[in-house]
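Input: a single structure, listed below in structure tokens.
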Amino acid sequence: MKVIFTVKADELKLAQMLSKFGEKYSRMTYKLNRRPKDYLLEVDLNSEDLGEFIRRLNHIKDATYNIEEIRGGGLLDKVNVSLLRTNSDALVGKIAVAKTDIDPTDGGVVKLDEELWLAKTVDDCQTIKETSKVRVIRVEGVSLIVDGETDEECPC
């Protein structure tokens, strides 16, 4: 089974984990490609070992990862595998409505799926007016980072 991850982690800790995992699970091979902000990790391993691999990946301090693709031969090659986004990942890309003005310094409040969320702008120069539609770019802690229509020219 081939699994492709994007990984943000300390390079040394990631390399150590891959080396130790490879020693114990000799059927595993990997290719690690450095990119500007993360790594592209392609892993070939038995499907029974995937859970253990992910468990060890979770143990790397401050590491984050996304599974980009799973190719497994047999049935998996014939089925389009669509991973279900959950928790905060499921909010990214959704449209919300500003319930207050959202400025770069103090942030504001948006309504998303009938819930109120603290929000900050993605751009330090952007101010979003109340009732504007915004798109969720990412989640940081308990705040949504949003992008919307700019109401004024950015002096930056």
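All values reported here derive from a predicted model rather than from experimental measurement.
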Derivation of the side chain to side chain contact (heavy atoms under 4.5 Å, CB included) call for Lys8 and Arg35: CA-CA 10 Å; Lys8 289 183 182 179; Arg35 300 191 309 189; over 6 Å; no
Check whether [X] reaches the backbone of [Y] with its side chain - one donor and one acceptor, N or O, closer than 3.5 Å.
X: Asp101; Y: Glu130; result: yes
X: Asn46; Y: Glu48; result: no
X: Asn66; Y: Glu68; result: no
X: Thr100; Y: Val109; result: yes

Cluster check Ile145, Leu112: I/L/V/M/F/W/Y, side chain < 4.5 angstrom: no
Non-hydrogen atoms of Val110 and Ala98 that approach each other most closely: CG1-CA, 4.0 Å
Atom of Lys94, atom of Asp113 and distance for their closest heavy-atom approach: NZ-OD2, 2.8 Å
Would you check if [X] and [Y] make a side-chain contact, meaning some heavy-atom pair closer than 4.5 Å?
X: Leu40; Y: Thr6; result: yes
X: Lys120; Y: Gln126; result: no
X: Asp147; Y: Val134; result: no
X: Leu91; Y: Trp117; result: yes
X: Ser19; Y: Gln16; result: no
X: Ile54; Y: Ile67; result: yes
X: Tyr65; Y: Asn58; result: yes
X: Ile60; Y: Asp62; result: no

Between atom [atom1] of [X] and atom [atom2] of [Y], what is the distance when rounded to the nearest 0.5 Å?
X: Leu18; Y: Arg56; atom1: CG; atom2: CZ; value: 11.0 Å
X: Thr121; Y: Asp106; atom1: OG1; atom2: CG; value: 10.5 Å
X: Ile4; Y: Ile70; atom1: CD1; atom2: CD1; value: 10.0 Å
X: Leu50; Y: Leu45; atom1: CG; atom2: CG; value: 6.0 Å
X: Asp10; Y: Met17; atom1: CG; atom2: CE; value: 12.0 Å
X: Ser132; Y: Lys129; atom1: OG; atom2: NZ; value: 8.5 Å

Side chain to side chain donor-acceptor pair (under 3.5 Å) partners for Asp49, two or more places apart: Arg27
Test log, rule salt bridge (Lys or Arg N to Asp or Glu O under 4.0 Å), inputs Lys20 and Glu23: CA-CA 5 Å; Lys20 287 181 181 179; Glu23 288 173 9; over 6 Å; no
Ionic contact status for Glu11 with Lys13, cut-off 4.0 Å: no
Salt-bridge criterion met for Lys111 and Glu115 (N-O under 4.0 Å): no
Pair Val7-Leu14, side chain to side chain contact (heavy atoms under 4.5 Å, CB included): steps then yes or no: CA-CA 9 Å; Val7 182; Leu14 181 59; 4.1 Å; yes
Candidate pair Val146 and Ile102, rule side chain to side chain contact (heavy atoms under 4.5 Å, CB included), full reasoning: CA-CA 9 Å; Val146 298; Ile102 305 169; 4.3 Å; yes
Stepwise side chain to side chain contact (heavy atoms under 4.5 Å, CB included) check, Leu41 with Lys31: CA-CA 6 Å; Leu41 174 61; Lys31 184 165 69 170; over 6 Å; no
Result of checking Tyr39, Tyr30, Phe53 against Phe5 for ring pair (Phe, Tyr, Trp, His ring centres under 6.0 Å): Phe53
Whether over 12 other heavy atoms sit under 6.0 Å from Arg34 CZ: no
Glu42/Lys2 under salt bridge (Lys or Arg N to Asp or Glu O under 4.0 Å): CA gap, chis, key distance, verdict: CA-CA 7 Å; Glu42 294 182 33; Lys2 180 177 271 191; 3.6 Å; yes
